[in-house]
K.L.:
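I have a structure I would like to understand better, so I am pasting it below and will then ask my questions one at a time.
Numbers restart at 1 for each chain; the letters A, B, ... are given by sequence-line order, proteins then strands.
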2 protein chains.
Amino acid sequence: MNLTVAEENYIKSIYKLQDGNDVVSTNAIAYELATKPASVTDMAKKLKEKKLIDYEKYQGISLTAEGRKIALQIVRRHRLWECFLVDKLGFSWDEVHEIAEELEHVRSEKLISRLSAFLGDPTSDPHGDPIPDAQGRISKSQPLVSLDKATARRLEVAGVSDQSSALLEFLNAKGIHLGTHLDIIERYEFDNSVEVKIRNQPAFTLSEQVSKNIMVKSL
Amino acid sequence: MNLTVAEENYIKSIYKLQDGNDVVSTNAIAYELATKPASVTDMAKKLKEKKLIDYEKYQGISLTAEGRKIALQIVRRHRLWECFLVDKLGFSWDEVHEIAEELEHVRSEKLISRLSAFLGDPTSDPHGDPIPDAQGRISKSQPLVSLDKATARRLEVAGVSDQSSALLEFLNAKGIHLGTHLDIIERYEFDNSVEVKIRNQPAFTLSEQVSKNIMVKSL
DNA sequence: AATATTATTTAGACAAATCTAAATAAAATA
DNA sequence: TATTTTATTTAGATTTGTCTAAATAATATT
Ligand SMILES: [Mn+2]
Ligand SMILES: [Mn+2]
Ligand SMILES: [Mn+2]
Ligand SMILES: [Mn+2]
């Protein structure tokens, strides 16, 4: 199966958007890829031809088993490169997405298996997202909750659900990284903000906007 | 200057073929890129439009100063990735060219400067070719001679002029790498073959074909 | 110099990926 | 249910990179 960069980007987007959902809409894909719905329809016909998606007009799009397999390979490559950029080249987590967006399209089994080994076969990327193994298996970690819904008092930051530079830079400024331990001081019902504290530092408040996008696990 | 992958590949080929020569022919570029002369003519018009090459029909092609600057950046990226693949991921020198051929097109100043630093700012790649610095400067090393023309007895392998997997695998099999010390035992005028010896190993003979492509410096 | 050969360019076509504008289908609302 | 709104598809173009076949220019050979 020899895919173009454009086809790989579509497959990855469909995988991302499908998640729990049954099918993905033309519009959703167009928005995700910053392109036009008409272009998505064009590509849908090609990917259907290649048996990577199920698609009937007006009925939405979903990956076939083969399509999903390929999506997992692309996601694996993307996340491994993100690890490389952060762990080996010293990039911060808000800088790596765009670069990995290009590196992910270099297809070489050997390159990726060696890169993975070089990095110590990591199972999650700098944003806390799991890295599929060479067979496309994702290690089941305990399901994460967003900070605004967490019930426990003592929490550990385990991921972010929005990976925009804006959010990541904000978290950098507040000293919040993967693995940071947070204590919930107070929740304010009025605006759903939450006051938190990092060990040895003064407490501060996070808006609902922010706390929705911080994924945590209880300690 | 925002170039496509195809444009970058053309620029790099022209740079490689121009070397000492004044201009490069349409046919030479077509052969180098495994494409057709008609395609080269098409691309020549585009690159001339972008002021990256000088081109008048039937008069051959040469890089402008701007084109050369870009070529050196691409070469830098290519060779740094080759170093990464060999030094960090344990690839052998005959496996890295194709992969670097793709990695070289990921354009990020920061990525390349950090990669270079991570590798210890190397000045030559796994094939003995010099790596331009961020400003496109190539460190002047002593000019190398091919093994078939060397006059000294005691030599050190410093490069290969043909980078086909076939040659590199052959050299691997004979135990010849960058930095290998060779003693010339005998030259046979009949077929221009040369008998050489690596320290502590039995002597063996190399054909003219091979010795032409091994670049050496005297010790 | 005339002819043959080789190199290069042009003309015209095609596939991939995209777009805009218009048409049509599906869903929401009155 | 009829109408309006939204989502999706189609029709027709455009750009990029490529190709084949034919035309032309440059070079080499008799
Ligand atoms: Mn991508
Ligand atoms: Mn990530
Ligand atoms: Mn390349
Ligand atoms: Mn090289």
K.L.:
Over 60° means perpendicular and under 30° means parallel, so classify the ring planes of A:Trp81 and B:Trp81, tilted if in between.
P.N.:
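Ring orientation, 0 to 90° scale: perpendicular.
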
K.L.:
Give a yes or no answer on whether the side chain of B:Arg107 reaches the backbone of B:Leu3 with a donor-acceptor pair at less than 3.5 Å.
P.N.:
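Confirmed, B:Arg107 side chain pairs with B:Leu3 backbone.
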
K.L.:
Going by atom types alone, do A:Ser146 and A:Asp148 pair a side-chain donor with an acceptor below 3.5 Å?
P.N.:
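On atom types as modelled, these side chains qualify, holding a pair under 3.5 Å.
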
K.L.:
Nearest nucleotide by nearest heavy atom, which residue falls closer to the 5' end of DNA chain C, A:Ala34 or B:Tyr58?
P.N.:
B:Tyr58

K.L.:
When B:Tyr55 is tested against each of B:Val23, B:Leu47, B:Thr41 for side chain to side chain contact (heavy atoms under 4.5 Å, CB included), which residue passes?
P.N.:
B:Thr41

K.L.:
Across the strands shown, which category fits B:Thr26 at heavy-atom distances under 4.0 angstrom: base, sugar-phosphate, nothing?
P.N.:
sugar-phosphate

K.L.:
In whole angstrom, what separates B:Ile61's CD1 from C:dT8's P?
P.N.:
9 Å

K.L.:
What does nucleotides 11-17 of chain C look like as a protein-contact string, B for base, S for sugar-phosphate only, - for none, at under 4.0 angstrom between heavy atoms?
P.N.:
-----SB

K.L.:
Give a yes/no answer on whether the side chain of A:Asn27 brings an N or O atom under 4.0 Å of OP1 or OP2 in D:dT6.
P.N.:
no

K.L.:
Could you state the atom-to-atom distance from OH of B:Tyr31 to C1' of C:dT6 in whole Å?
P.N.:
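Rounded to whole Å, this separation is 17 Å.
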
K.L.:
Looking at B:Lys36, does any N or O in its side chain come under 4.0 Å of the phosphate oxygens OP1/OP2 on D:dG17?
P.N.:
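B:Lys36 to D:dG17 OP1/OP2: no side-chain N or O under 4.0 Å.
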
K.L.:
Heavy-atom count around B:Lys88 NZ within 6.0 Å, excluding the residue itself: above 12?
P.N.:
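Enclosed.
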
K.L.:
Please report the end-to-end axis angle for the helix from C:dA1-D:dT30 to C:dA30-D:dT1, five pairs per end, rounded to 10 degrees.
P.N.:
10°

K.L.:
Contact class for A:Ser39 (heavy atom, under 4.0 Å): base, sugar-phosphate, or nothing?
P.N.:
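The answer is base, as A:Ser39 lies within the cut-off (heavy atoms under 4.0 Å) of a base atom.
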
K.L.:
Would you indicate whether the side-chain heavy atoms of B:Ile131 and B:Ser116 approach each other to under 4.5 Å?
P.N.:
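Contact flag for B:Ser116/B:Ile131 side chains = no.
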
K.L.:
Over how many whole Å does the gap from A:Gln59 atom CD to C:dT24 atom C1' extend?
P.N.:
14 Å

K.L.:
Look at the aromatic rings of B:Phe118 and A:Phe118 and report parallel, tilted or perpendicular, splitting at 30° and 60°.
P.N.:
perpendicular

K.L.:
B:Ile29 CD1 to C:dA7 C1': how many Å, rounded?
P.N.:
13 Å

K.L.:
Rounded to the Å, how far apart are A:Lys57 NZ and C:dA25 P?
P.N.:
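Those two atoms, NZ and P, are 8 Å apart.
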
K.L.:
Do B:Trp93 and B:Leu178 touch side chain to side chain, with heavy atoms closer than 4.5 Å?
P.N.:
yes

K.L.:
Think B:Tyr55 has a side-chain N or O under 4.0 angstrom from the OP1 or OP2 of C:dT8?
P.N.:
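Answer is no, no contact under 4.0 Å.
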
K.L.:
Of B:His127, B:His97, B:His105, which is the lone residue that meets ring-ring contact (aromatic ring centres under 6.0 Å, His included) with B:His78?
P.N.:
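Going through the options one by one, the only one that passes is B:His97.
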
K.L.:
What is the distance from CG of B:Asn9 to C1' of D:dT16, rounded to the nearest Å?
P.N.:
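To the nearest whole Å, that distance equals 14 Å.
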
